[in-house]
Amino acid sequence: MALSPLNQRRWRNFKANRRSFWSLWIFLTAFGLSLFAEVLANDKPILISYRGEMFMPIYRFYPETTFGGDFKTEADYTDEGLQCLVATGGIADCWDDPAAVVTDAADGDYQGQTVAKGWMLWPPIPYSYRTINNVGAAPSAPDRDHWLGTDDTSRDVLARIIYGFRLSIIYALLVSAGTSLLGVAAGAVQGYFGGRTDLVFQRIIEIWGGTPTLYVIIILFAILGRTFWLLVGISILFGWPGLVPVVRAEFLRARNFEYVRAARALGVRDRVIMFRHILPNAMVATLTFLPFIVTGAIGSLAALDLLGFGLPSNLPSLGELTQQAKQNLQAPWLAFSAFFTFAIMLALLVFIFEGVRDAFDPRKTFA
């Protein structure tokens with residue numbers, strides 16, 4: 001679908017801002033890769049070839065019996081015995097000395113039987129965010145197996161960063177979208193209608209804004225349990241008033257402009273005037289606050305995780321990594337990993353939204 005002339009001008013302005021443009025591509029690349037975190041970092045193979053059939057353990061459950069084992073529980077793909085069964089097509093007794101069996105069957109024959117050779121395709125990082133590695137003392141320093149070391153429960157730090165980055169961005173985008181929709185709608189209604197409507201809304205926002213958010217989170221988590229979607233919902237409910245003053249001021253300023261009066265005189269509906277005619281002119285001020293909303297959502301999630309009232313313990317968390325860095329000062333790689341992850345992520349987002357804000361500003365034109 002072709003862009004309108006106005007949006008084409010905005011896109012040209014955004015592209016002319018090189019810092020914002022390259023920040024967008026770097027961020028999209030990082031976020032796009034994180035969407036395939038299961039393929040990048042996992043303790044299960046991406047693909048298994050066994051007796052001429054293909055299996056994808058990262059997306060499906062397969063019992064050990066599928067590959068010639070004895071148990072109906074999920075296969076442990078890191079076990080040498082199971083790897084031997086896959087490599088030999090399940091014809092050998094792989095539990096006593098799997099390495100020797102694989103060596104003997106390397107030529108495609110084992111004790112007179114033809115070996116249907118299989119293979120496993122592993123992710124670049126053979127650890128998930130919840131994989132516990134028995135590597136000795138924890139946390140362990142970076143090495144060739146764990147590029148950023150392990151945390152205090154022997155989980156790979158790089159794998160947790162990849163999954164945690166994805167979850168943080170998804171959380172921030174959901175919260176920002178929800179708070180923006182509610183905040184813009186409330187501010188538009190207040191500023192456009194004014195009078196008693198504005199007065200009532202202001203009193204409601206003052207009362208709502210005085211509610212202790214952390215206490216509400218603690219109480220709701222105690223009653224309903226910690227879940228990702230509950231945290232998103234609470235964040236939206238208490239985050240939307242932050243955008244109201246900006247939108248309200250823009251609508252109060254624009255409600256008496258000549259084109260608004262003319263639209264009213266022509267019988268145009270209030271909803272159309274508000275969101276088709278006034279809101280586009282208020283977008284610059286609104287977009288100015290979007291970087292603070294997005295980065296604030298990420299910071300709030302990290303702070304809640306640091307306090308122990310954020311994401312459930314079974315989910316990857318960048319805030320938990322920060323907490324571990326604070327508790328393990330003898331492991332500086334944890335602090336460096338957390339710091340650079342947050343610094344790069346937040347800087348890219350701020351640069352991107354700066355470019356978006358300037359692109360929507362009709363007074364700014366880049367060469």
Side-chain angles (χ1 to χ4, degrees), residues 31 34-35 37 128-130 151-153 155 159-190 197 200-248 286 289-327 334 338 341-342 345-346 349:
F31 183 55
S34 72
L35 293 177
S128 180
Y129 66 89
R130 58 180 179 269
D151 61 13
D152 58 8
T153 55
R155 295 172 299 187
R160 291 189 66 78
I161 286 177
I162 294 173
Y163 283 89
F165 174 81
R166 177 178 67 178
L167 194 60
S168 295
I169 296 299
I170 291 175
Y171 169 84
L173 293 178
L174 290 173
V175 171
S176 300
T179 54
S180 297
L181 288 174
L182 291 178
V184 167
V189 170
Q190 283 187 246
T197 301
V200 172
F201 263 90
Q202 281 296 99
R203 300 291 82 78
I204 293 174
I205 290 175
E206 290 173 2
I207 296 172
W208 192 250
T211 306
T213 307
L214 182 59
Y215 290 163
V216 174
I217 291 176
I218 294 173
I219 293 171
L220 290 179
F221 277 180
I223 297 174
L224 303 175
R226 284 196 293 172
T227 65
F228 174 79
W229 292 108
L230 178 59
L231 186 60
V232 169
I234 295 174
S235 300
I236 292 174
L237 285 177
F238 287 96
W240 65 268
L243 199 58
V244 171
V246 182
V247 181
R248 172 177 173 268
T286 304
F289 275 78
L290 274 181
F292 302 103
I293 295 174
V294 176
T295 56
I298 295 174
S300 299
L301 178 62
L304 289 171
D305 287 333
L306 187 64
L307 296 172
F309 299 109
L311 294 171
S313 58
N314 64 330
L315 294 178
S317 166
L318 296 178
E320 185 194 11
L321 181 62
T322 307
Q323 183 186 51
Q324 292 197 23
K326 180 177 71 72
Q327 296 174 347
L334 296 177
T341 300
F342 279 114
M345 175 170 53
L346 297 179
L349 288 170

Checklist entry - F342 versus T322: any side-chain heavy-atom pair under 4.5 Å? => result yes
Checklist outcome for this item: CD1 (I223) and CD1 (I218) are apart, to the nearest 0.5 Å, by 12.0 Å
Item to check | Any pair counted as salt bridge (Lys or Arg N to Asp or Glu O under 4.0 Å), so long as it reaches residues 168-183, sequence neighbours left out | outcome: none
Checklist entry - How many angstroms lie between CG in L304 and OG in S235, if you round to the nearest 0.5 Å? => result 7.0 Å
Next on the checklist: Show me the pairs that pass salt bridge (Lys or Arg N to Asp or Glu O under 4.0 Å) and involve residues 212-233, at least two apart or across chains.
Outcome noted: none
Next on the checklist: Ignoring hydrogens, what is the shortest heavy-atom contact between P316 and G164? Give both atom names and the distance.
Outcome noted: CB-N, 3.8 Å
Checklist outcome for this item: salt bridge (Lys or Arg N to Asp or Glu O under 4.0 Å) pairs touching residues 164-187, sequence neighbours excluded, are E38-R166
Checklist entry - For the atom pair OG (S168) and CG (L301), what is the distance rounded to the nearest 0.5 Å? => result 5.0 Å
Checklist entry - Looking at residues at least two apart in the chain, or sitting in another chain, which of them share a side-chain contact (heavy atoms from CB on, under 4.5 Å) with L181? => result none
Checklist entry - Should we say atom CZ of F31 is surrounded by more than 12 heavy atoms from elsewhere, each under 6.0 Å from it? => result yes
Checklist entry - Hey, what do you get for CD1 (I219) to CG (L214), rounding to the nearest 0.5 Å? => result 10.0 Å
Next on the checklist: Run the ring pair (Phe, Tyr, Trp, His ring centres under 6.0 Å) test against F289 and tell me which residues pass, sequence neighbours left out.
Outcome noted: none
Checklist entry - Once you round to the nearest 0.5 Å, how far does CG of L224 lie from CG of L230? => result 5.5 Å
Checklist entry - For A172 and I298, which heavy atoms make the closest approach, and how far apart are they? => result CB-CG1, 3.5 Å
Next on the checklist: Strictly by side chain to side chain donor-acceptor pair (under 3.5 Å), give each pair with a member in residues 202-223 just once, sequence neighbours left out.
Outcome noted: Q190-Q202, R203-E206
Next on the checklist: Quick check: do F221 and L231 have side-chain heavy atoms less than 4.5 Å from each other?
Outcome noted: yes
Next on the checklist: Could you tell me if the side chain of I169 sits less than 4.5 Å from the side chain of V294, heavy atoms only?
Outcome noted: no
Item to check | Least distance between heavy atoms, L243 atom then G183 atom | outcome: CB-CA, 4.4 Å
Checklist entry - Which value, rounded to the nearest 0.5 Å, describes the distance between L318 atom CG and L306 atom CG? => result 12.0 Å
Checklist outcome for this item: Residues passing the side-chain contact (heavy atoms from CB on, under 4.5 Å) test with A325, sequence neighbours excluded, are L334, A335
Item to check | Sequence neighbours excluded - salt bridge (Lys or Arg N to Asp or Glu O under 4.0 Å) pairs with any residue from residues 227-240 | outcome: none
Item to check | For E320, side-chain contact (heavy atoms from CB on, under 4.5 Å) partners two or more places apart | outcome: R155, R160, S317, Q323, Q324
Checklist entry - Which atoms form the tightest heavy-atom contact between L290 and S180, and what is the distance? => result CD2-OG, 3.4 Å
Checklist outcome for this item: Between I217 and F309 the two heavy atoms that sit nearest each other are CG2-O, 3.9 Å
Checklist entry - Shortest non-hydrogen contact from P291 to T295? => result O-OG1, 2.6 Å
Checklist entry - Taking only residues two or more places apart in sequence or in another chain, which ones pass side-chain contact (heavy atoms from CB on, under 4.5 Å) with F228? => result L167, I170, Y171, L174, V232, L311, L315
